[in-house]
Amino acid sequence: MCGIFCYLCANNNTSDGELALKTCRDRLKNRGPNHDATLWYESRVLFYGSVLWHQGVSLCPQPIETDETVLIFNGDIFQTRKDMQESDTRWLLHSIERCADENAVFQLLVSLRGPFSVVFLRKRENRIYFARDAIGRNSLLLGLVADSGNIFISSVGGPFASSVVHELPPNGLYFIDLKRINEPNCITLLPWTDDCTQTEQMFGNALTIQLKNELVIPQQRITVQQNFNFHQLLTAADASPPDEGPFETLLKCAAVNNTCNQLLSTLRKSIQERITNTTPFCKLCVASQSPCAHPKVGILFSGGIDCTILALLADEFVPEPVPIELLNVAFEKVNRANVQRSQIDWNVPDRLTGLSTLEELQCIKPNRKWNFVEINISRHELNEQRKTISNLVFPLRNVLDESLGAALWFASKGVGVKGGEPYTSTSRVLLLGSGADELFGGYTRHKTAFDRTLRLHQEKGSTAHMDDAFLKAYEALEEELNLDWRRLPSRNLARDDRVISDNGVTPRTPYLQEDFIALVRSLKASQRCYHPLGPGIGDKLVLRLCAYKLGLKQASVLRKRALQFGSKIADRKQNATDRNKLRKMPDKPVKQDSKKDDGAELETQIIMRMPKEPAAALREAIQSGANNLKDRLFIRLENELRYGEVRFDHWLLHAKVVDLPTIIESLKTIDSKNFYKTADICQMMICKEEPEQQSAEEESPNKNKKKDPNKVDKKFLWPHGVTPPCKNIRKRRFRKTLKKKYVEAPEIEKEVKRLLRVDNEAVNVKWELITEDEDPNKPSPGSGNEAGAPHKSPSKNTKKGDHNKDVGEHDIFGEEVSDSDEEDNPINKNIDLDETSRLSAEAEDSRLSDSCSYQGTQQERDRNPALEFNKSMFSGAGSSSGYRAARRPDTGASSAGGSKSMSFFQGDNSSRLDSDNDSNDMPHGGFGNSQNSNANSATASTNNNARVYELQRQISDLKTQRNQKEQEIRTIENQTLRQRLQDKLDSLLMEIQDKEKE
């Protein structure tokens with residue numbers, strides 16, 4: 001195979017083309033190792049071609065240019081022509097130059113025989129033409145560069161920047177007028193198929209479909225007109241003797257026998273074309289062009305019926321002294337014991353089947369030397385080539401594509417063991433059995449469609465009803481076969497071409513020759529298979545009859561086995577349509593959990609946050625209901641499920657999965673009335689164009705430190721919510737989890753039970769709850785700290801009044817609490833509340849000293865009630881002074897006599913000082929005006945001290961808020977938010993200055 005590349009610059013910027021070519025040049029060079037070159041046309045179009053020489057007496061370099069045309073070609077033309085020694089590339093160039101217009105070019109390309117993809121420039125029309133063969137056997141990708149409007153066409157893909165890449169549908173001849181390249185609908189299609197729906201969905205408004213009546217599409221020749229039906233032949237009364245098998249019975253029918261002969265004859269011709277139309281040199285000798293007896297043809301060999309027929313017929317066209325390579329690939333099983341490579345069991349199903357069929361081939365063709373190459377791939381080798389294979393499979397991305405791609409890549413590389421000795425394949429042509437299952441009904445889904453419809457229409461009764469049920473079943477099978485045939489170009493062929501050609505090997509598919517396809521598709525479904533006979537016989541029945549005629553008695557009854565399962569590259573638990581990476585096989589054994597989780601998880605949902613441009617494009621694709629979204633979006637996560645990659649169209653983003661502060665419920669509706677919960681969303685995937693840079697602490701952690709497996713790393717805890725008002729919500733609204741250092745649950749429970757038993761025996765029980773901060777033996781937290789600060793006696797019955805307690809009302813209602821993992825620091829040391837809020841006012845009131853004056857509110861007395869009578873309430877001069885003595889010891893701010901001269905009054909939620917009422921209400925025996933004057937003086941002194949203390953406390957709180965605002969400003973990148981916080985900081989500074997002046 002050859003590698004071709006064409007880049008169309010809409011803005012005449014040649015550097016764009018050179019950069020795009022550099023992205024995939026190595027892969028293009030691998031496809032054509034014999035020669036490569038580049039060519040610029042008017043600084044607008046860049047051509048690149050690499051050549052794998054197969055046809056012609058000498059190599060034809062590419063790109064090839066004349067006065068009229070520039071051509072790059074990839075493929076094989078098996079057209080009958082005058083000089084078969086001429087290179088097919090030169091023959092095609094001359095044929096194109098003889099075409100007068102686009103209609104003649106169309107007729108030329110639609111009549112070509114063989115797999116091809118081609119790009120050429122017709123200078124007089126100033127147009128770039130490009131196409132794939134109608135079956136789609138060769139790869140051709142089309143990329144649209146979003147930001148510049150440039151277009152490129154390539155055999156292989158790669159991480160092209162800002163580009164949307166698609167496999168070009170093989171629906172016709174495309175062309176681009178270079179004069180209209182900047183217009184939105186610059187691509188025109190001349191279709192040679194009726195259904196262009198896929199192409200229209202892929203390119204949208206960028207494509208114009210041009211239908212012309214004068215375009216004549218050659219019709220496939222129907223070469224079989226045999227009237228037989230497997231069901232009727234096998235259910236006839238005198239069908240066969242009891243000891244005769246179905247193969248012998250069917251081959252007695254002349255129509256069946258003639259059909260098998262026609263199939264084998266056409267298949268022989270197809271194999272002959274693909275073996276003889278190549279240079280007589282192997283990989284080792286092609287450079288020196290010296291004749292050799294090394295193998296030049298290999299067969300991807302699993303031992304099944306498809307590849308065995310190819311091997312047996314290929315023997316007829318390969319010279320007898322030259323061996324034929326049978327390449328059999330096996331992968332190390334995923335779940336195994338940790339053993340050395342020499343102890344690995346490579347006997348996967350395809351290996352066992354291959355060895356068994358090899359013995360049958362040797363019996364039939366004893367003079368042929370068969371090189372059975374055992375290609376054994378360990379998990380380590382597969383992981384090393386994982387990225388290479390993924391790039392070759394691109395733009396396909398699911399598990400099935402990458403599993404098959406890995407098997408084909410290692411098989412075409414051909415490095416393995418033959419007869420116990422190391423061996424490397426020298427073949428330059430690899431024959432594949434592709435297309436046989438689609439043509440002959442070999443997949444399980446074909447049998448399922450047949451059986452399901454048969455059961456549906458089958459009724460107990462006359463034979464007529466049975467015949468009608470089989471008729472309906474074959475109609476359903478026919479639909480399934482046609483569907484598979486239409487999907488073949490986009491599902492298998494182009495992918496296989498990209499993967500195999502990367503090793504300098506040309507894949508050739510004899511079952512997909514034009515004449516053979518026309519012959520098989522002219523057969524009815526009832527003439528290709530008969531599933532009631534069971535797997536291994538009924539599927540691909542007519543092909544098994546051909547194998548039986550060739551003498552393959554054992555291979556003709558082998559059951560169909562998919563390559564990915566037969567080679568053990570994949571297991572049956574995988575979903576083939578998963579948009580996932582090639583599963584990285586673990587280097588260590590995987591322990592299987594004996595307990596199966598029977599719970600069914602309907603959906604796993606996650607929030608994805610992307611940069612603005614790809615997010616807008618993805619949102620538009622989802623809202624528009626794009627059918628190809630699964631081919632455009634690819635998510636790959638590493639084993640830890642924390643880091644990965646996201647590919648959408650041309651964007652390659654680096655992903656990180658973080659845990660959200662809260663759980664978000666996801667609901668769906670089908671009628672806009674009833675909503676159903678589908679998932680709990682607790683994680684978000686953050687996608688960035690640049691990979692995350694690790695901090696110094698993360699790069700050099702303490703290796704000896706053991707991490708708690710149940711604890712999430714801080715870097716994966718997202719501090720914000722999903723909306724702007726929830727910024728830093730984990731810090732601002734979430735209280736830090738208290739760490740229980742000393743938990744002796746059994747001892748505590750035992751002591752509680754003992755106390756309860758004692759309580760039951762007691763005559764009278766009295767209890768009270770005392771916390772560590774309320775211990776009366778400890779000094780008051782505020783005593784002696786600041787001059788003029790009031791003192792408070794600890795109270796056993798009061799839990800307010802000390803704002804340094806661990807948990808208070810402010811902890812419940814949302815101050816800024818750090819989300820740090822360090823739990824030894826005091827909690828809620830700094831209070832940051834809005835001064836205008838009700839909670840802030842209550843918080844300040846709760847910290848006011850009772851000793852500042854004898855003014856008190858009803859609320860204060862409610863919060864600090866007197867629970868017991870004592871003598872101090874009734875001693876001395878009056879009830880009011882006694883009540884104050886019971887509440888609090890003397891503060892020292894007033895004299896002993898002065899404190900007894902104060903009275904307590906109750907008003908409408910306020911207190912007032914009225915000397916006249918005091919003198920009237922007090923007893924006259926021991927009180928006078930001088931005493932009231934002393935009391936007023938003491939009260940004023942106390943009020944001044946309390947005011948000073950309150951101002952100092954407020955200034956301290958304001959400074960704390962200022963420090964917090966400064967820290968927040970330093971960590972915020974949003975300029976608007978920074979300016980808003982800066983304004984708040986300036987107001988705090990002014991308020992601090994005012995308090996200090998006061």
ask   = Which is it for Glu438 and Arg521 under the salt bridge (Lys or Arg N to Asp or Glu O under 4.0 Å) test, yes or no, and what are the steps along the way?
value = CA-CA 10 Å; Glu438 287 80 2; Arg521 287 179 58 78; over 6 Å; no
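- Using a 4.0 Å cut-off between charged side-chain N and carboxylate O, Arg495 and Glu402 make no salt bridge.
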inquiry  = Is there a side chain to side chain contact (heavy atoms under 4.5 Å, CB included) between Leu519 and Leu263? Walk through the geometry before answering.
reply    = CA-CA 7 Å; Leu519 178 63; Leu263 289 172; 3.4 Å; yes
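- A donor-acceptor pair shorter than 3.5 Å can be found between the side chains of Asn74 and Ser117.
- Using a 4.5 Å cut-off on side-chain heavy atoms (C-beta onward), Phe410 and Ile389 make contact.
- In this structure, a donor-acceptor pair under 3.5 Å is present between the side chains of Ser378 and Glu381.
- Panel note: side chain Asn257, backbone Cys253; no donor-acceptor pair is recorded below 3.5 Å.
- A salt bridge does not link Asp502 to Arg27: none of the charged side-chain nitrogens sits closer than 4.0 Å to a carboxylate oxygen.
- A salt bridge links Asp484 to Arg445: one of the charged nitrogens lies within less than 4.0 Å of a carboxylate oxygen.
- Here Gln85 pairs with Val57, Asp83 under the side chain to side chain contact (heavy atoms under 4.5 Å, CB included) rule; sequence neighbours left out.
- Looking at Gln513, its side chain does come within 3.5 Å of a backbone N or O of Phe516 through a donor-acceptor pair.
- Of the charged side-chain nitrogens involved, none lies within less than 4.0 Å of a carboxylate oxygen, so that Arg452 and Glu480 do not count as a salt-bridged pair.
- Using cut-offs of 30° and 60° on the angle between ring planes, the pair Phe281 and Trp53 is tilted.
- Here Glu374 pairs with Arg351 in a salt bridge; the nearest charged N to carboxylate O distance falls below 4.0 Å.
- With contacts defined as side-chain heavy-atom distances shorter than 4.5 Å, the pair Ile77/Asn277 does not qualify.
- In the model, His54 has no side-chain atom that pairs as donor or acceptor with a side-chain atom of Thr279 under 3.5 Å.
- The local environment of NZ in Lys29 is crowded, with over 12 non-hydrogen atoms from other residues, nucleotides or ligands closer than 6.0 Å.
- Ionic pairing of Arg137 and Asp496 is not present here: no N-O contact between side-chain nitrogen and carboxylate oxygen is shorter than 4.0 angstrom.
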Considering only distance and modelled atom types, tabulate donor-acceptor pairs under 3.5 Å from the side chains of residues 292-300, sequence neighbours left out.
| from | atom 1 | to | atom 2 | distance (Å) |
| --- | --- | --- | --- | --- |
| Lys296 | NZ | Cys292 | O | 3.0 |
| Lys296 | NZ | His294 | O | 3.0 |

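- Tyr511 and Phe440 have perpendicular rings, their planes meeting at more than 60° on a 0 to 90° scale where under 30° would count as parallel.
- Looking at Arg31 and Asp497, a side-chain N of the basic residue comes within less than 4.0 Å of a carboxylate O on the acidic one, giving a salt bridge.
- For Arg487, the CZ atom sits in a packed shell: over 12 heavy atoms of surrounding residues, nucleotides or ligands are nearer than 6.0 Å.
- For the residue pair Arg386/Ser390, the side-chain donor-acceptor check at 3.5 Å is not satisfied.
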Check against salt bridge (Lys or Arg N to Asp or Glu O under 4.0 Å), Lys447 and Asp451 = CA-CA 6 Å; Lys447 183 178 185 301; Asp451 292 342; 2.6 Å; yes
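- The stretch residues 544-556 participates, sequence neighbours left out, in these salt bridge (charged side-chain N to carboxylate O under 4.0 Å, His left out) pairs: Asp539-Arg544.
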key: Stepwise side chain to side chain donor-acceptor pair (under 3.5 Å) check, Tyr423 with Glu325   = CA-CA 11 Å; Tyr423 182 89; Glu325 291 181 335; 2.5 Å; yes
